[in-house]
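Just so you know, residue 1 is the first one in the sequence shown, and it goes up from there.
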Amino acid sequence: MNPEPSEYDTESVPTHPSLAPLRFLIGRWEGAGVVGYPTIESAQFGQEISFGHNGKPYLIYSSRTWLLDDEGRIGRPLAVESGFWRPQEDGALEVVLAHASGITEVYVGQITGTKIEMATDAVVRTATAMEVTAGKRLYGLIGTDLGWAFDMAAVGQPLQAHVSAQLKRTA
């Protein structure tokens, strides 16, 4: 008996037809970006993102980030999030993200070629999680790189720039 393929196995499992608009995301991406907010000091960070599939009509997403020092050396871990990207008809997109910090977000958005814009439809948090009330995300190809930006409303602050990065596809 053959073992089941990994949920991130993009080689042996055919891609579900509904994933066609998101195929450009499939794989592993690494790079660096900038994080800042009125309540925290701006800093550079490193990031690794993975988009995989298991033959079902959704992408399996995971992201982890860490601080970078002035010389680009890896420092302490920052955020971890995982979830599912569910393309719908007519370029619509539903995304469910869970953060290790106790926050879960539901995004709705639109896929236009290799650009994705989405905003929170719901944000839920545990009693000990930071107060986050809204978010907007933008993802897209910049040449062959994946660029993304995240605007956040949290801790009494209005929706504003929080994180952005540019990532390169890895093997």
Side chain to side chain, [X] and [Y], heavy atoms closer than 4.5 Å:
| X | Y | value |
| --- | --- | --- |
| Leu93 | Tyr139 | no |
| Val124 | Val106 | no |
| Ile111 | Pro87 | yes |

Using 0.5 Å steps for rounding, measure from the OH atom of Tyr107 to the CG atom of Leu97.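 Spacing of OH (Tyr107) from CG (Leu97) equals 6.0 Å.
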
side-chain hydrogen bond (donor to acceptor under 3.5 Å, both in side chains) partners for Glu71, two or more places apart: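 For Glu71 the side-chain hydrogen bond (donor to acceptor under 3.5 Å, both in side chains) partners, ignoring immediate neighbours, are Arg73.
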
Mind running salt bridge (charged side-chain N to carboxylate O under 4.0 Å, His left out) on Glu48 and Lys168 for me, showing each step along the way? CA-CA 9 Å; Glu48 175 184 275; Lys168 297 194 177 304; over 6 Å; no

Pairing of Glu105 and Arg125 as salt bridge, 4.0 angstrom limit: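 Here Glu105 does not pair with Arg125 in a salt bridge, since their nearest N and O are not under 4.0 Å apart.
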
Go through the side-chain N and O atoms of [X] and [Y] and say whether any donor and acceptor fall under 3.5 Å apart.
| X | Y | answer |
| --- | --- | --- |
| Ser101 | His99 | no |
| Gln47 | Ser63 | yes |
| Asp151 | Gln160 | no |

Would the Phe45 and Trp66 ring centres measure less than 6.0 Å apart?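 No, ring centres 6.0 Å or more apart.
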
Report the relative orientation of the aromatic rings in Phe150 and His162; use parallel for angles under 30°, tilted for 30 to 60°, perpendicular for over 60°.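 Correct class here is perpendicular.
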
Only counting residues at least two apart or in another chain, list the ones meeting ring-ring contact (aromatic ring centres under 6.0 Å, His included) with Trp29.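 Counting only residues at least two positions away or on another chain, Trp29 forms no ring-ring contact (aromatic ring centres under 6.0 Å, His included).
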
